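A quick write-up on the structure given underneath.
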Amino acid sequence: MLPIRSVLRRHHAWLVAFLTLCLTLSLAAQARPAAAAGREVTLPVADHGTIPLTATTVAGAATGNMPDGSSRTWAVVSGKPAYLAEIDPMNGDVLATHPLPGASGSWGVEIAADGNVWVASYGNGDLFVLPWGATEVVNAGQPHPDASFLWQVDTDANGVAYTGSFLGFADGSTLPPARLGAYDPATGQWRDYGGFGAEYTYIRATAVLGDTVYVGTGAVGAMFAVDIATGDKTEIPLPADLHDCTFVYEISTSGTDLWVRFQCPEQNGGYVYDTITKQWVQGRFPHMGDQRVGRDSAGNTWFTYDGNTLHKSSPDRVVTAVDAEVGSKGIGVVEAEGSEYVVGMYGNVLDRYDIATGETVTLILDLPGTPTTPRSSVLGPDGRIHFGGYFSGGFASFDPETEEWRFQARLGQTEGFATVGDELYAGRYPGARIDRIDLTQPLGDGNPTTVLNLDSAGQDRPFALVDAGGLLAVGTVPEYGSLHGALAIHDPKTGHNDVYRNLIPDHSITALAYANGIVYGGTSVYGGNGSVPKYTNARVFAFDLETRTVLWSVEVEGQGQVTSLAVTPGRQLWAATRGTLHSFSTDDGEQRAFHEIAPFDWGSFPGGTWHGTDLAFDRTTNRLYGSVGGKLINIRPIGRPDLRVLADTGGVHLVLGPDHRVYFVNGQQLKSIDWREA
């Protein structure tokens, strides 16, 4: 029989172990509170019609004389599907349109010497060709099964087409290297020239001179010469004054010169490379806007930079500005009726400059608009719900009181909106431009007005905008290849702007909320396209507007991206990811609740999209509404959670209307529900 002291000692040891285990389990539970199951409910769903977002967006075009001497501009209008338009630049007539099944648009259009018109498309990454004299386009397929995006296309003397691919359909979270492909219409076969290195996930530019294909890459900017016959690759050093470039953005040819447009953190612009001397011989041309340049019979090269101002570079490389502006798409020189003209276009507007007389004619083209996908939404200060489109832009407005729609075309791709007082602000891509929209006036002629441009801070996509107590707070995704997002604060009264770049190191800022002098932020580990995340978990943080300091910052365990935030009573900050909903203390960021709404595999998420959820708190009903993982939810912030999930339908771009209905986008339709009926 054991002595009583031994028995007590054993019981004490067991008790300590038991209490330690309980404490460990308790701490683990506090670190990640258990998920609460949602209750499905059925509600009447009102349909308010198709969101009237349409646009005539031309991303790729080419101009030249055809084999029969006729002058033509060929332009691809983005849409579902995109289409190729044949345009007579002398009178502005649209002679024919050719649908491009499966394509959303095109960045590369090329007129080959034999009259074939080539289109490098995005959506499915297909290459199309309209043979000279044909009435229907031919789909030549993809250079690689994982290709989702083809960029520029050019042809050699034998009519073989060369294009670079972005492999956006590849499985896994890491993008594979981009590849150069060549399609021979005579044999109907592709040749794969392979990639250029693991860091080069984009082939953004392609041009052919003689027996060489010139390739520009991203999201690490580099330039290569590829021997067509052997496939040998030689890297071309970039201009000495360029550093850390993210893209060799576009390459055009003029004679034996390459006109190259670069995207770099400090030095965007164009340069000229002489392929004979293998030297950079001209540049920098700031903000050169061309995909193409034109060359006249005298050997002059025509191009635009510093806006759409037309310039001429003589054969001895003397550059002269011309008192004319032309659109930067499809620039080329055509000969007609004994004269030569520089032609360029933008959208449904075509400009034609007479080289001999200096006269410019502007023609409005009858190009059918195409539907664009809703990209952003907001309740405006006018009581209407406003929508922006992707990627063509456009501005659609819905009046909940009258059920009337209104559409205006003159607004580019808007990543996010915010209402601040009586003003509506739009965050525009590219260059993270913040515009103030005067809702009492039609768009155009100075409306909207740019109040903040974050391009110089290396930012590109302003998804997160919020009213921060009369200030406008903006969170951004950085430019291609970068992880350094930013928080910007704009004062509408003084016009003063403050920018805090890389505030949360190596994170984008993709969600914002505000309460009591504090801006709350949610981040994404995914930066601009082509960047490689350094972290696994997104963060939420608190930023004090008075001291301009980060008060706290905590990880959102197991989630790569936070795309919406809301502050509710009980000092709670709610954060939504692509499949989960979290509650944190606004005091110190301690996590209080966790709900899995829909499964999501971050391990296979490649990045490239930054909006996936919306949250809105209704103080009248004391309910938090959301669209999370494509599902519509409703939760009580305080007390028993009572999470509800709408059955049978879902949506995105949720907005709480002035009538307390929850409006959301389902496909191209605007729908709404009244959660109070549940």
Side-chain angles (χ1 to χ4, degrees), residues 246 263 265 268 373-380 386-395 411-420 423-437 448-468 471-492 495-504 507-514 519-529 531 538 541 543 561-565 607-615 652-653 655:
T246 52
Q263 185 177 76
N268 290 350
T373 302
R375 179 73 161 183
S376 50
S377 60
V378 70
L379 177 64
H386 303 284
F387 299 89
Y390 173 81
F391 82 123
S392 307
F395 188 56
L411 188 68
Q413 180 175 318
T414 301
E415 309 286 49
F417 288 105
T419 294
V420 181
E423 303 284 356
L424 179 64
Y425 292 87
R428 300 265 304 280
Y429 166 87
R433 193 174 83 183
I434 311 303
D435 290 346
R436 182 177 63 244
I437 300 174
T449 303
T450 299
V451 300
L452 173 60
N453 192 323
L454 294 168
D455 186 41
S456 61
Q459 305 306 302
D460 219 12
R461 301 177 188 269
F463 279 98
L465 291 85
V466 72
D467 181 349
L471 303 175
L472 174 67
V474 180
T476 58
V477 175
E479 63 190 356
Y480 284 69
S482 173
L483 293 169
H484 298 168
L487 174 68
I489 308 296
H490 167 71
D491 188 334
H496 180 74
N497 298 310
D498 291 309
V499 180
Y500 305 92
R501 185 171 182 265
N502 208 25
L503 182 71
I504 306 300
H507 284 243
S508 301
I509 297 178
T510 46
L512 292 175
Y514 170 81
V519 172
Y520 298 94
T523 75
S524 169
V525 300
Y526 304 93
N529 280 331
S531 61
F541 66 92
F543 181 82
Q561 197 163 259
V562 173
T563 50
S564 57
L565 295 172
T609 55
W610 300 270
H611 181 274
T613 62
D614 300 279
L615 295 175
V652 293
H653 301 301
V655 173

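Predicted model only: the values in this text are computed from it and were never measured. Just so you know, residue 1 is the first one in the sequence shown, and it goes up from there.
- Atoms CG and CZ, on L503 and F543 in that order, are 6.0 Å from each other to the nearest 0.5 Å.
- Using cut-offs of 30° and 60° for the angle between ring planes, the H611 and H653 rings count as parallel.
- The distance from atom CZ of F541 to atom CG of L512, rounded to the nearest 0.5 Å, is 6.5 Å.
- Counting heavy atoms from C-beta outward, L379 and T419 have side chains that stay 4.5 Å or more apart.
- Closest approach of G431 and N453 over heavy atoms only: O-OD1, 3.2 Å.
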Going by atom type alone, with no hydrogens or angles, which donor-acceptor pairs under 3.5 Å involve a side-chain atom of residues 474-487 and a protein atom two or more places apart or on another chain?
residue: T476; atom: OG1; partner: Q459; partner atom: OE1; Å: 2.6
residue: T476; atom: OG1; partner: A486; partner atom: N; Å: 3.2
residue: T476; atom: OG1; partner: A486; partner atom: O; Å: 3.3
residue: Y480; atom: OH; partner: Y429; partner atom: OH; Å: 3.3
residue: S482; atom: OG; partner: H484; partner atom: N; Å: 3.1
residue: H484; atom: NE2; partner: D506; partner atom: OD1; Å: 3.1

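- Test V451, I437, D435 against Y425 for side chain to side chain contact (heavy atoms under 4.5 Å, CB included) and you get one pass: V451.
- Atom CZ of R428 sits about 13.0 Å away from atom CG of L452, to the nearest 0.5 Å.
- L411 and P448 get closest at one heavy-atom pair: CD1-CG, 4.1 Å.
- In plain terms, the two heavy atoms of L565 and G522 that are nearest each other are CD1-N, 3.4 Å.
- Counted by atom type alone, S508 and S524 present zero donor-acceptor pairs between their side chains at under 3.5 Å.
- To the nearest 0.5 Å, atom CZ of residue R375 and atom CZ of residue F463 are 4.0 Å apart.
- Checked by atom type and distance alone, the side chain of S376 pairs as donor or acceptor with a backbone atom of T414 at under 3.5 Å.
- Counting heavy atoms from C-beta on, the side chains of L454 and P462 never come closer than 4.5 Å.
- Taking each heavy atom of S564 and L615 in turn, the nearest pair found is OG-CG, 3.5 Å.
- The heavy-atom pair separating L471 from P492 by the smallest distance is CA-CD, 4.1 Å.
- Considering CG of N529 and OG1 of T246, their distance stands at 11.0 Å, rounded to 0.5 Å.
- Taken to the nearest 0.5 Å, the OH atom of Y514 stands 9.5 Å off from the OH atom of Y520.
- When only modelled atom types and interatomic distance are considered, T563 and T510 share no side-chain donor-acceptor pair under 3.5 Å.
- Counting only heavy atoms from C-beta outward, the side chains of L424 and H386 approach each other to under 4.5 Å.
- Counting heavy atoms from C-beta on, the side chains of Y526 and T609 never come closer than 4.5 Å.
- Minimum heavy-atom separation, F417 to G388: CE1-N, 3.5 Å.
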